Amino acid sequence: MKKSLVALAVLAGFAGAAAAQSSVTLFGVIDVAARYTKANGQNVKQLTNDGSSSSRFGVRGVEDLGGGLKAGFWLESALSADTGSAGDTTTTNKFWNRRASVSLMGDFGEVRLGRGKTSTRLVVDDFDVYSTTGLGDVTRVYNTLGSSTQTINRADNLAQYFLPGDLGGAYGSFDVAAGEGAVGAKSYGGRLGWKDSAINVAAGYQSTEGVATAKFKQLSLGASYDFGVAKVSGLWTQLKFNSLKQNIYTIGAVVPVTTAGSVLAQFSDAETNSAADGRAATAGDAKFYTVGYLHNLSKRTSVYTTASLIDNSGLASFKVQGNAVNAARGGKSGGFDVGIKHSF
Amino acid sequence: MKKSLVALAVLAGFAGAAAAQSSVTLFGVIDVAARYTKANGQNVKQLTNDGSSSSRFGVRGVEDLGGGLKAGFWLESALSADTGSAGDTTTTNKFWNRRASVSLMGDFGEVRLGRGKTSTRLVVDDFDVYSTTGLGDVTRVYNTLGSSTQTINRADNLAQYFLPGDLGGAYGSFDVAAGEGAVGAKSYGGRLGWKDSAINVAAGYQSTEGVATAKFKQLSLGASYDFGVAKVSGLWTQLKFNSLKQNIYTIGAVVPVTTAGSVLAQFSDAETNSAADGRAATAGDAKFYTVGYLHNLSKRTSVYTTASLIDNSGLASFKVQGNAVNAARGGKSGGFDVGIKHSF
Amino acid sequence: MKKSLVALAVLAGFAGAAAAQSSVTLFGVIDVAARYTKANGQNVKQLTNDGSSSSRFGVRGVEDLGGGLKAGFWLESALSADTGSAGDTTTTNKFWNRRASVSLMGDFGEVRLGRGKTSTRLVVDDFDVYSTTGLGDVTRVYNTLGSSTQTINRADNLAQYFLPGDLGGAYGSFDVAAGEGAVGAKSYGGRLGWKDSAINVAAGYQSTEGVATAKFKQLSLGASYDFGVAKVSGLWTQLKFNSLKQNIYTIGAVVPVTTAGSVLAQFSDAETNSAADGRAATAGDAKFYTVGYLHNLSKRTSVYTTASLIDNSGLASFKVQGNAVNAARGGKSGGFDVGIKHSF
């Protein structure tokens with residue numbers, strides 16, 4: 001380790017680029033947690049992964065093309081530090097399963113091509129105080145209503161356009177995913193938002209061709225305000241597929257309690273309509289409670305603890321991350337973890 | 001992204017190497033294209049990969065051992081930015097499927113051990129104006145004649161020797177692949193060439209043990225001349241397996257039209273002999289037309305467009321890259337794409 | 001390659017870390033050998049992997065948190081330069097199969113969480129002059145006695161504690177692996193040792209829940225002394241599962257013969273008890289002879305040759321690394337290789 005050293009921060013020696021400033025960055029997150037979860041009478045004790053942030057390994061870079069134009073790439077692979085697994089290599093060959101893209105950037109914004117996160121998911125990430133990760137991940141009670149959508153988080157064959165960053169707080173992106181014949185893969189969507197130092201509001205909408213080319217539709221509206229003593233977030237998501245519908249209402253808060261530590265709390269109420277309730281696979285409501293504490297040891301390293309509980313009703317059997325089995329229909333699923341995350 | 005930065009260009013802190021200059025380089029290509037292809041009445045619209053260069057991610061390094069001797073390594077993985085896939089992890093465990101090798105280099109040349117490209121393929125790459133990539137890839141009409149060869153492009157268990165670089169324009173390499181009992185894996189081959197600023201000529205030959213240990217043989221002869229207004233290339237490849245034979249004649253040109261842009265055009269005529277024509281799996285001739293335009297935004301970033309058509313005759317059913325189905329026997333297969341590639 | 005360059009050795013530009021010194025290191029080994037092995041009448045000629053060191057690719061880093069505290073991560077993937085394979089992606093998704101961990105380090109020592117090598121294996125590595133690698137790997141005659149243990153080398157879901165480095169030569173570590181319901185995965189163990197410039201002694205013990213939750217137990221005691229003309233190592237390992245038992249006694253020496261070259265020799269005697277002898281799957285003794293020569297071209301690059309022979313008796317059918325088939329029961333297995341390894 002003595003001979004160790006560091007990747008970074010040098011102007012490139014790339015092919016004679018005089019003025020062009022270029023960069024290649026190695027980056028990542030390792031997040032490991034000791035976790036206890038219980039559902040339907042079965043409990044599991046794990047050394048597990050992704051309690052607070054998603055573990056990852058990536059390489060990215062930007063090249064200045066001159067004239068305000070830039071080119072960039074981004075490769076990012078999920079990993080599980082508890083087992084050494086990376087991406088999804090066994091079933092789909094996707095090592096770079098989080099993102100693989102090339103971009104052209106300029107005054108006009110950014111055109112990005114490849115695999116990546118959809119615009120609607122970015123809305124959910126931003127207004128879920130747990131950023132759709134770990135025991136508090138709000139999407140644990142999202143119901144894809146039998147649509148076989150593959151685009152609720154990331155999508156293959158994605159062409160995206162991002163608005164430029166200098167629109168006075170307004171931001172947004174639009175995306176189209178080429179289905180290439182696969183069920184649940186063809187989609188279009190976008191988000192529009194506005195933020196300043198304290199406020200952030202955004203709306204996202206996405207439509208995906210699901211089973212029998214019926215459309216799976218997601219609408220997400222989010223808002224947050226930083227009161228200083230607490231940053232409060234609200235999120236409403238509506239999911240639709242044919243006549244089936246689910247509404248998920250979420251409210252959360254991040255409360256700084258010391259200079260380095262914050263309490264995070266969140267509540268979600270997930271409700272399906274009567275059409276969905278009539279089908280065992282899609283039925284049922286749930287209430288989802290999470291509370292946790294995150295303590296920063298530095299800007300790159302934190303320790304945390306989280307506890308969560310999903311209280312299903314009707315035929316619902318949602319479970320928190322890590323449960324070995326689904327909750328009993330109408331039953332409870334809960335968990336508790338303590339972990340550490342380190343980014344580089 | 002603010003903390004982003006750069007890999008590169010620093011003398012290593014490696015174990016006390018006083019004079020020894022060493023390097024480790026991260027490198028890659030991301031090439032994504034929007035493509036339309038059609039064959040046998042079926043068309044596909046894709047956001048796809050490798051329209052002009054093969055996408056890849058790699059790490060390589062060189063160590064100066066002193067006394068004119070160097071050691072080096074090279075790890076290189078294919079990737080598909082449209083889906084995030086890398087290498088061939090699902091079926092063969094090969095993440096570093098493009099190249100994995102260790103080398104000793106000196107006045108004598110280079111000895112290279114591992115997995116990599118065979119010498120004959122290097123000849124085809126050099127005299128195909130599309131470098132065996134994308135819609136213009138000349139090997140789309142190459143026929144392996146039922147031999148089950150695995151070495152027509154890359155080979156496992158490869159020991160290679162490369163001539164030194166200071167032979168007055170002469171160059172060459174020789175390789176042996178240990179079969180280790182697998183069908184189509186045991187081979188030997190080589191290439192010899194000569195080039196100066198305008199001319200390049202080379203010959204490659206390879207023999208591989210195929211099905212029933214019969215030999216699959218490839219002979220490739222190529223020549224190119226840069227006239228200034230255009231660089232013209234010619235390539236003849238003959239493939240043989242038992243009594244089956246295919247000849248592929250290729251002529252292409254790269255025509256610079258601006259300081260940053262070039263037109264690429266190529267034509268191939270692939271012809272099988274009567275023995276091959278007698279078997280449905282190996283039968284048939286084809287003519288292959290490609291034209292495209294490549295525009296460099298910088299030395300590392302380009303945009304391009306390519307159109308190609310394979311016109312099969314007899315029982316042949318060759319298809320351009322990206323077609324969902326084979327061409328109808330004796331039918332046509334064609335495609336068109338527009339893409340961007342970025343290297344780092 | 002001209003634009004090549006180097007990863008390393010620069011203070012990071014990471015988020016405002018004033019005093020904090022941080023590092024990210026890319027590292028690896030490529031080891032390729034030409035090998036001939038024979039067992040049970042079948043011989044194999046290979047260009048193979050890992051003749052002297054295990055080929056690998058990794059990324060690791062350390063962050064100084066201030067106050068004597070550090071955070072670190074380590075990702076390490078096995079690779080086979082002869083085929084381009086990496087980790088174990090096809091069956092288990094484990095790209096980072098050698099190690100994936102996050103650590104907190106301070107005056108108290110190190111707490112490490114993730115996947116990695118068990119403490120008892122570290123004892124075997126240290127006192128096997130071939131470091132459990134290549135034709136001399138002592139664990140080729142270790143018998144897991146039908147226990148289905150998965151922890152004899154590395155373990156998933158591992159929590160480890162390492163003693164600090166300033167205990168006057170004493171060192172040690174303790175580990176617990178969460179089984180998470182898998183057979184052979186739940187274990188605890190540790191090692192304690194003491195070393196100075198010439199002497200090194202250590203003891204390791206590990207207990208793993210195997211088939212039917214019966215315990216698989218490993219005890220390893222090792223000692224080495226550097227006489228100057230030779231460093232002599234001794235290792236005794238006892239493996240137990242129910243009434244089955246195996247003892248493996250190993251003695252080896254590393255003899256420097258020039259400033260750059262050393263002869264390595266090792267002998268192991270593996271003996272099972274009568275209970276194990278009564279079962280074909282676990283029966284039989286073996287004697288294991290290895291001799292080799294390693295020549296350093298630099299601190300990072302070496303060439304080597306190794307020859308080894310396992311002489312089975314009774315029903316034993318151990319084989320050296322690389323054999324296509326097991327030795328005949330009571331028969332011999334042997335091999336010879338010449339290779340090169342290069343680390344970065």
Side-chain angles (χ1 to χ4, degrees), chain A residues 1 3-10 12-17 23-35 42 44-49 55 57 59 77 79-91 93 95 296-303 322 324 339-344, chain C residues 2-5 7-17 20-27 59-66 69 71-77 87-104 111 113-115 154 156-159 177-178 180-181:
Chain A
M1 295 285 285
K3 63 193 165 92
S4 290
L5 21 89
V6 175
L8 330 167
V10 181
F14 282 125
S23 75
V24 175
T25 306
L26 225 59
F27 66 94
V29 175
I30 316 280
D31 182 320
V32 176
R35 181 181 290 172
Q42 286 192 34
V44 185
K45 278 170 279 185
Q46 294 173 302
L47 189 74
T48 189
N49 200 42
S55 297
F57 166 72
V59 188
S77 166
L79 70 90
S80 300
D82 53 337
T83 62
S85 75
D88 180 15
T89 59
T90 300
T91 54
N93 227 26
F95 179 81
N296 295 316
L297 300 176
S298 76
K299 289 193 178 177
R300 293 170 47 203
T301 305
S302 308
V303 290
I340 178 170
K341 65 175 173 177
H342 173 67
S343 63
F344 60 96
Chain C
K2 290 295 174 44
K3 62 192 166 95
S4 289
L5 23 89
L8 329 166
V10 181
L11 293 193
F14 282 124
Q21 198 172 339
S22 294
S23 76
V24 174
T25 306
L26 225 59
F27 66 95
V59 188
R60 64 177 184 241
V62 177
E63 179 198 15
D64 192 334
L65 299 170
L69 206 61
F73 75 97
W74 193 297
L75 297 172
E76 191 176 319
S77 166
D88 179 17
T89 58
T90 300
T91 55
T92 65
N93 229 25
K94 292 184 200 294
F95 179 81
W96 305 108
N97 64 333
R98 291 178 57 89
R99 184 167 159 193
S101 63
V102 59
S103 293
L104 264 186
V111 173
L113 304 173
R115 175 175 167 82
R154 293 182 167 83
D156 284 349
N157 313 308
L158 195 63
E180 301 188 3

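The shown structure was predicted, so the numbers you read here are calculated from the model rather than taken from an experiment. To find a chain, count down the sequence lines: A is the first, B the second, and so on, and within it residues start at 1. Just so you know, these numbers use all the heavy atoms, side chains as well, and skip hydrogens, waters and symmetry mates.
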Between [X] and chain A, with a heavy-atom cut-off of 4.5 Å, which part of the residue counts as in contact: side chain, backbone, both or neither?
| X | value |
| --- | --- |
| Leu75(C) | side chain |
| Ser77(C) | neither |
| Thr89(C) | both |
| Ala100(C) | both |

Which of Asn93(A), Val32(A), Thr301(A) touches chain C most, by non-hydrogen pairs under 4.5 Å: Thr301(A)

Between Glu76(C) and Arg98(C), is there a salt bridge with N-O shorter than 4.0 Å? yes

Between Asn49(A) (side chain only) and Ala81(A) (backbone N and O only), is there a donor and an acceptor less than 3.5 Å apart? yes

Trace of the side chain to side chain contact (heavy atoms under 4.5 Å, CB included) decision for Ile30(A) with Trp74(C): CA-CA 9 Å; Ile30(A) 316 280; Trp74(C) 193 297; over 6 Å; no

Hydrogens and angles aside, do Asn296(A) and Ser302(A) bring a side-chain donor and acceptor to less than 3.5 Å of each other? yes

Cut-off 4.5 Å, heavy atoms of chain C, and the answer for Leu79(A) is side chain

Just do the side chain to side chain contact (heavy atoms under 4.5 Å, CB included) check on Trp96(C) and Arg115(C) with the steps written out, would you? CA-CA 9 Å; Trp96(C) 305 108; Arg115(C) 175 175 167 82; over 6 Å; no

